[in-house]
J.: 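The structure is given below, and queries will be raised subsequently.
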Amino acid sequence: MSAEHTRTLIETYYRTFNSGDREAFLALLTDDVVHDINQGGCERGVEAFRTFLARMDRCYREEIRDVVVMVDGLGDRAAAEFVVHGTYLSTDDGLPEAHGQRYVLPAGAFFTLREGKVARISNFYNLPEWTRQVTGG
């Protein structure tokens, strides 16, 4: 996969996420995708990712903006830096109570690509800063 194709795939990944079309979004992933969750565990497989997205959609409304994509020379790996603009809709397990709080949070992700799809995604953001924003602390 060329570096340009990888760049386009990652840009499409975020555009599709923002569109809310979860089936189109999941179609960008390999069946055995590895998802490293920020300050959490590691999930494997597109069905686990589908479950993750359902929880995210229940608890948060997010839009990814200001995406900058960086790609290695072979197109096998990429990174993205972006800003998450969100609303905390419903209390997520182990997190503060939700009541429609808004947040803006810089974040990043690392990708491994295989056969024209995302095979691994590792997301990173500052959870204490998110907590501060939603609690007013």
Side-chain angles (χ1 to χ4, degrees):
M1 199 156 93
S2 73
E4 192 52 41
H5 185 257
T6 295
R7 179 179 311 285
T8 299
L9 176 62
I10 301 307
E11 290 169 349
T12 299
Y13 178 94
Y14 288 110
R15 215 174 22 258
T16 306
F17 175 85
N18 285 342
S19 78
D21 184 344
R22 294 305 180 232
E23 291 309 310
F25 182 78
L26 292 167
L28 300 171
L29 311 175
T30 61
D31 288 340
D32 63 346
V33 64
V34 174
H35 179 209
D36 297 316
I37 301 168
N38 186 71
Q39 298 183 17
C42 176
E43 297 180 342
R44 296 179 188 277
V46 74
E47 289 309 313
F49 209 108
R50 181 186 311 278
T51 300
F52 173 82
L53 282 176
R55 181 176 58 83
M56 292 295 292
D57 288 343
R58 178 179 49 81
C59 295
Y60 311 90
R61 181 176 43 247
E62 294 184 331
E63 181 180 3
I64 308 302
R65 300 182 193 169
D66 305 319
V67 178
V68 176
V69 178
M70 297 149 274
V71 181
D72 75 337
L74 298 174
D76 295 334
R77 293 176 28 198
E81 182 179 25
F82 49 91
V83 179
V84 180
H85 293 254
T87 304
Y88 190 28
L89 303 171
S90 177
T91 303
D92 201 352
D93 291 343
L95 295 175
E97 187 172 330
H99 49 84
Q101 306 95 308
R102 294 184 183 274
Y103 53 92
V104 176
L105 196 64
F110 297 98
F111 297 87
T112 301
L113 295 295
R114 188 177 72 239
E115 299 170 2
K117 293 189 173 192
V118 173
R120 179 187 61 90
I121 170 116
S122 299
N123 288 297
F124 297 93
Y125 58 89
N126 185 332
L127 183 58
E129 173 58 18
W130 177 87
T131 302
R132 185 194 67 72
Q133 289 185 39
V134 300
T135 62

J.: Glu11: which residues meet the salt bridge (Lys or Arg N to Asp or Glu O under 4.0 Å) condition with it, sequence neighbours left out?
T.: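 Per chain and number, Glu11 pairs via salt bridge (Lys or Arg N to Asp or Glu O under 4.0 Å) with no residue.
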J.: Sequence neighbours left out, what passes side chain to side chain contact (heavy atoms under 4.5 Å, CB included) with Ala48? Give chain and number order.
T.: Glu43
J.: Would the number of heavy atoms belonging to other residues, nucleotides or ligands and lying under 6.0 Å from CZ of Arg44 be above 12?
T.: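 12 or below, so no.
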J.: Go through the structure and list residues passing side-chain hydrogen bond (donor to acceptor under 3.5 Å, both in side chains) with Ser90, not counting sequence neighbours.
T.: none
J.: When hydrophobic residues are tied together by side-chain contacts of less than 4.5 Å, even through go-betweens, does Ile10 share a cluster with Val83?
T.: no
J.: Show the nearest heavy-atom pair for residues Leu113 and Gly75, with the distance to one decimal.
T.: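 Closest approach of Leu113 to Gly75: CB-O, 4.0 Å.
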J.: Could you name each residue pair satisfying side chain to side chain donor-acceptor pair (under 3.5 Å) that touches residues 68-86, not counting sequence neighbours?
T.: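 As it turns out, the side chain to side chain donor-acceptor pair (under 3.5 Å) pairs with a partner in residues 68-86, which skip direct neighbours, are Arg65-His85.
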J.: Does some side-chain heavy atom of Thr112 sit less than 4.5 Å from a side-chain heavy atom of Val34?
T.: no
J.: For the hydrophobic clusters of this structure (ILVMFWY residues joined by side-chain heavy atoms under 4.5 Å, transitively), does one cluster hold both Leu127 and Val104?
T.: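 Leu127 does not cluster with Val104.
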J.: Does Arg15 have any side-chain hydrogen bond (donor to acceptor under 3.5 Å, both in side chains) partners at least two apart in sequence or in another chain, and if so, which?
T.: Thr12
J.: What's in the same ILVMFWY side-chain cluster as Phe110, cut-off under 4.5 Å, chained through other members?
T.: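 Same cluster as Phe110: Phe124.
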J.: For the pair Arg7 (side chain) and Val69 (backbone), establish whether a donor and an acceptor sit closer than 3.5 Å, ignoring hydrogens and angles.
T.: yes
J.: By the salt bridge (Lys or Arg N to Asp or Glu O under 4.0 Å) test, which pairs, at least two apart or in different chains, include something from residues 108-122?
T.: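 Passing the test, one end in residues 108-122: Asp32-Arg114.
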J.: I'd like to check the side chain to side chain contact (heavy atoms under 4.5 Å, CB included) partners of Val84; sequence neighbours left out, ordered by chain and number.
T.: Glu62, Ile64, Phe82, Tyr103, Ala107
J.: Report the distance from atom CG of Leu9 to atom CD of Glu4, rounding to the nearest 0.5 Å.
T.: 11.5 Å
J.: Taking all non-hydrogen atoms of both residues, which atom of Pro128 and which atom of Gln39 are closest, and how far apart?
T.: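 Closest pair (atom of Pro128, atom of Gln39, distance): CD-NE2, 4.2 Å.
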J.: Please name the pair of heavy atoms, one in Ser19 and one in Thr16, separated by the smallest distance, quoted to 0.1 Å.
T.: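 Heavy atoms only, the tightest pair is OG-O, 2.7 Å.
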J.: Do you know the tightest heavy-atom contact between Leu53 and Leu26?
T.: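 Of all heavy-atom pairs spanning Leu53 and Leu26, the closest is CD1-CD2, 3.8 Å.
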J.: Residues two or more places apart in sequence or in another chain: which of them pass side chain to side chain contact (heavy atoms under 4.5 Å, CB included) with Ile121?
T.: Tyr13, Tyr14, His35, Phe49, Ala109, Phe111, Val118, Asn123
J.: Sequence neighbours left out, what passes side chain to side chain contact (heavy atoms under 4.5 Å, CB included) with Glu97? Give chain and number order.
T.: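 So Glu97 forms a side chain to side chain contact (heavy atoms under 4.5 Å, CB included) with Thr91.
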J.: How would you list all residue pairs meeting side chain to side chain donor-acceptor pair (under 3.5 Å) that involve residues 125-137, not counting sequence neighbours?
T.: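 Counting only pairs at least two positions apart or across chains, the side chain to side chain donor-acceptor pair (under 3.5 Å) contacts touching residues 125-137 are Glu129-Arg132, Glu129-Gln133.
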J.: Please say yes or no: joined through hydrophobic side-chain contacts below 4.5 Å, possibly via intermediate residues, are Phe25 and Ile37 part of one cluster?
T.: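 As far as the 4.5 Å side-chain criterion goes, Ile37 and Phe25 are connected within one cluster.
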J.: Is there any side chain to side chain donor-acceptor pair (under 3.5 Å) pair reaching into residues 51-60, and which pairs are they, with sequence neighbours excluded?
T.: Arg22-Asp57, Arg55-Asp92, Tyr60-Asp92
